[in-house]
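Below: one structure, written as structure tokens.
Protein chains get the first letters and strands the later ones, always in sequence-line order, with residue 1 at the start of each. Please read all numbers here as calculations on a predicted model, not as lab measurements.
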Protein chains: 2
Amino acid sequence: MQLDGRLSRMMHLLIHMDRANGPITSGAAAEMLHTNPVVIRRTMAGLRDVGFVRSIKGHAGGWTLLKPLESISMLDVYKAVGQPRIFAIGLADPAPDCLVEQAVNASMTSALEKAEALLIAQLGEVTLAEIAKDFNRRFSASCANLP
Amino acid sequence: MQLDGRLSRMMHLLIHMDRANGPITSGAAAEMLHTNPVVIRRTMAGLRDVGFVRSIKGHAGGWTLLKPLESISMLDVYKAVGQPRIFAIGLADPAPDCLVEQAVNASMTSALEKAEALLIAQLGEVTLAEIAKDFNRRFSASCANLP
DNA sequence: CACATATGTAACTTCAGACATTACATATGA
DNA sequence: TCATATGTAATGTCTGAAGTTACATATGTG
């Protein structure tokens, strides 16, 4: 399986939307993310459902950010795109008859749940505003190298 | 993507091998894990390479455990099966030109790396012997319910 | 030695899910 | 009216674990 990039993509796009003046069309967003306009609309649907963005059809339409980046955490975006499965490894059989396998599952599940809880906590601690600030630092640094 | 069950499967099998008297054939192991003998041989190859098990061809052949369960941690098995990819989510582009995306990647990577470090630590803290002990508790408990 | 029994491995097929693409319906402003 | 957007269904593409088939090779036993 290839990686699920929806969380990463949508964070990227939301920050660009915050920096834009007017609405951004699916086509423009697709160019930014090097993907397809339909993929943008499909994935952004989740963000619209929770009220982070609005979409307008027709002339001068497109996507607009409705909330400040300060109010959106990485976890909020993760939930909005449908809480994709986190792990690529897991149990061979989640409900086995074999008692040995049940014991194995208990240990595996315990380890995975702790790691998942930490990841969720990490995602909840960072807002898109902080990532935008990090971008500003990177931008200034890149300008410093120019003549 | 479907889940990668190699770690879970091999832990399960190693504990069964510890409880067996003689060698276990790939066919017998495949029945235990509800899978195919070739899958067993393919996955066990990694465990043989690090010396956890030995394989013998021909009559009365099969797989034998070479080390005590006390000396094998979940992490050891994880490494022996080839350190499969842990996460199903990740970066859309690991080396983007866009500075916004670079900032997004930095935050995502930081969160994922912390979660991965915790998972690895958890896997390293539990030996197969402890899982076998947990099995014994479960077995006793299940017998207590019989007449 | 001949043969049944194992493993070792290559060469497929299958399957799931994100992503890509095509096609077309629908809404909207000029 | 028409160009420009989104909304969504339908279909194709790609990747890697798992499953399967086939056959070479090794090894006890009669």
Side-chain angles (χ1 to χ4, degrees), chain A residues 1-10 12-13 17 20 22-49 53-64 66 78 81-94, chain B residues 1-10 12-13 17 20 22-49 53-64 66 78 81-94:
Chain A
M1 144 208 331
Q2 66 189 17
L3 286 177
D4 185 326
R6 285 177 291 182
L7 169 56
S8 137
R9 286 180 133 108
M10 291 302 102
H12 180 189
L13 182 51
M17 288 170 63
I24 289 183
T25 66
S26 303
E31 277 188 36
M32 288 175 187
L33 306 201
H34 306 109
T35 179
N36 189 289
V38 176
V39 173
I40 300 291
R41 294 200 279 271
R42 190 190 287 153
T43 315
M44 289 287 277
L47 302 184
R48 185 186 49 218
D49 292 346
V53 299
R54 174 181 51 183
S55 63
I56 298 176
K57 291 182 175 180
H59 259 291
W63 298 85
T64 315
L66 292 180
Y78 170 72
V81 295
Q83 299 190 254
R85 186 157 50 77
I86 290 175
F87 294 110
I89 60 177
L91 310 179
D93 177 356
Chain B
M1 142 213 359
Q2 65 188 17
L3 286 177
D4 184 327
R6 285 177 291 181
L7 169 57
S8 137
R9 286 179 133 109
M10 290 303 102
H12 179 188
L13 182 51
M17 286 170 65
I24 290 184
T25 66
S26 304
E31 278 187 36
M32 288 178 187
L33 306 202
H34 306 110
T35 181
N36 188 289
V38 176
V39 174
I40 299 291
R41 293 199 280 269
R42 190 191 287 156
T43 315
M44 289 287 276
L47 302 184
R48 183 188 49 217
D49 292 345
V53 299
R54 174 182 49 183
S55 63
I56 299 176
K57 290 182 175 180
H59 262 289
W63 298 86
T64 314
L66 292 180
Y78 170 73
V81 296
Q83 300 189 254
R85 187 158 50 79
I86 289 175
F87 293 110
I89 61 178
L91 310 179
D93 177 357

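- Interface residues of residues 33-40 of chain B facing DNA chain D, ordered by number: B:T35, B:N36, B:V38, B:V39; criterion, heavy-atom separation under 4.0 Å.
- In terms of heavy-atom proximity, B:W63 sits nearest to B:T25 at CD1-C, 4.3 Å.
- Listed by chain and number, the residues in a side chain to side chain contact (heavy atoms under 4.5 Å, CB included) with A:M32 are A:L13, A:H16, A:I24 (sequence neighbours excluded).
- A:A60 and A:P23 get closest at one heavy-atom pair: O-CG, 3.9 Å.
- Residue B:R85 places none of its side-chain N or O atoms closer than 4.0 Å to OP1 or OP2 of D:dG16.
- For A:T25, no side-chain nitrogen or oxygen approaches OP1 or OP2 of D:dA5 to under 4.0 Å.
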Just the table, please: protein N/O against nucleotides 25-29 of chain C N/O, every pair under 3.5 Å.
none

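- Put simply, CE on A:M44 is 17 Å from C1' on C:dC19, counting in whole angstrom units.
- The nearest whole Å value for the distance from the CG atom in A:L91 to the C1' atom in D:dA18 is 16 Å.
- A straight line from CG of A:L7 to P of C:dA18 spans 14 Å, rounded to a whole angstrom.
- One atom, CG of B:L3, and another, P of D:dA18, lie 9 Å apart when rounded to the nearest Å.
- Summarising the geometry of A:R85 relative to B:I89, their closest heavy-atom pair is O-CG2, 3.4 Å, with the distance given to 0.1 Å.
- Protein atom CZ of B:R54 is 17 Å distant from nucleotide atom P of C:dA6, rounded to whole Å.
- Nearest heavy atom pair, residue B:A92 against residue A:G5, reads CB-O, 4.4 Å.
- Residue B:R9 places no side-chain N or O under 4.0 Å from the OP1 or OP2 atom of D:dA17.
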Going by atom type alone, with no hydrogens or angles, which donor-acceptor pairs under 3.5 Å involve a side-chain atom of residues 41-48 of chain A and a protein atom two or more places apart or on another chain?
{"from": "A:T43", "atom 1": "OG1", "to": "A:V39", "atom 2": "O", "distance (Å)": "2.7"}
{"from": "A:R48", "atom 1": "NH1", "to": "A:S55", "atom 2": "OG", "distance (Å)": "3.3"}

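- A:R41 has no side-chain polar atom (N or O) that falls below the 4.0 Å cut-off from OP1 or OP2 of D:dT8.
- For the pair B:H12 and B:L33, the minimum side-chain heavy-atom distance is below 4.5 Å.
- In this structure, B:F87 places its CZ atom 20 Å from P of C:dG17, rounding to the nearest Å.
- Taking every heavy atom of both residues into account, B:A30 and B:P37 meet most closely at CB-N, 3.5 Å.
- In this structure B:Q83 satisfies the side chain to side chain contact (heavy atoms under 4.5 Å, CB included) test together with B:Y78, B:K79, sequence neighbours excluded.
- Residue B:R48 is in sugar-phosphate contact alone, with no base atom involved, counting any heavy-atom pair closer than 4.0 Å across all strands shown.
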* To do: Show your reasoning for whether side chain to side chain contact (heavy atoms under 4.5 Å, CB included) applies to A:T35 and A:I40.
  => CA-CA 8 Å; A:T35 179; A:I40 300 291; 4.0 Å; yes
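- What separates CD1 of B:I89 from C1' of D:dT15 is a distance of 18 Å, to the nearest Å.
- Among all heavy-atom pairs drawn from A:P84 and A:D4, the shortest one is CB-OD2, 3.3 Å.
- Between D:dA5 and A:S55, no contact under 4.0 Å exists linking OP1 or OP2 to a side-chain N or O.
- With a cut-off of 3.5 Å on both pairing distances, the Watson-Crick and G-U wobble pairs of DNA chain D assemble into stems of 3 or more at C:1-30 with D:1-30.
- A:E31 places its CD atom 15 Å from the C1' atom of D:dA5, with the value rounded to the nearest Å.
- For B:R42 and D:dG19, a side-chain-to-base donor-acceptor distance below 3.5 Å is present, hydrogens and geometry of angles not being considered.
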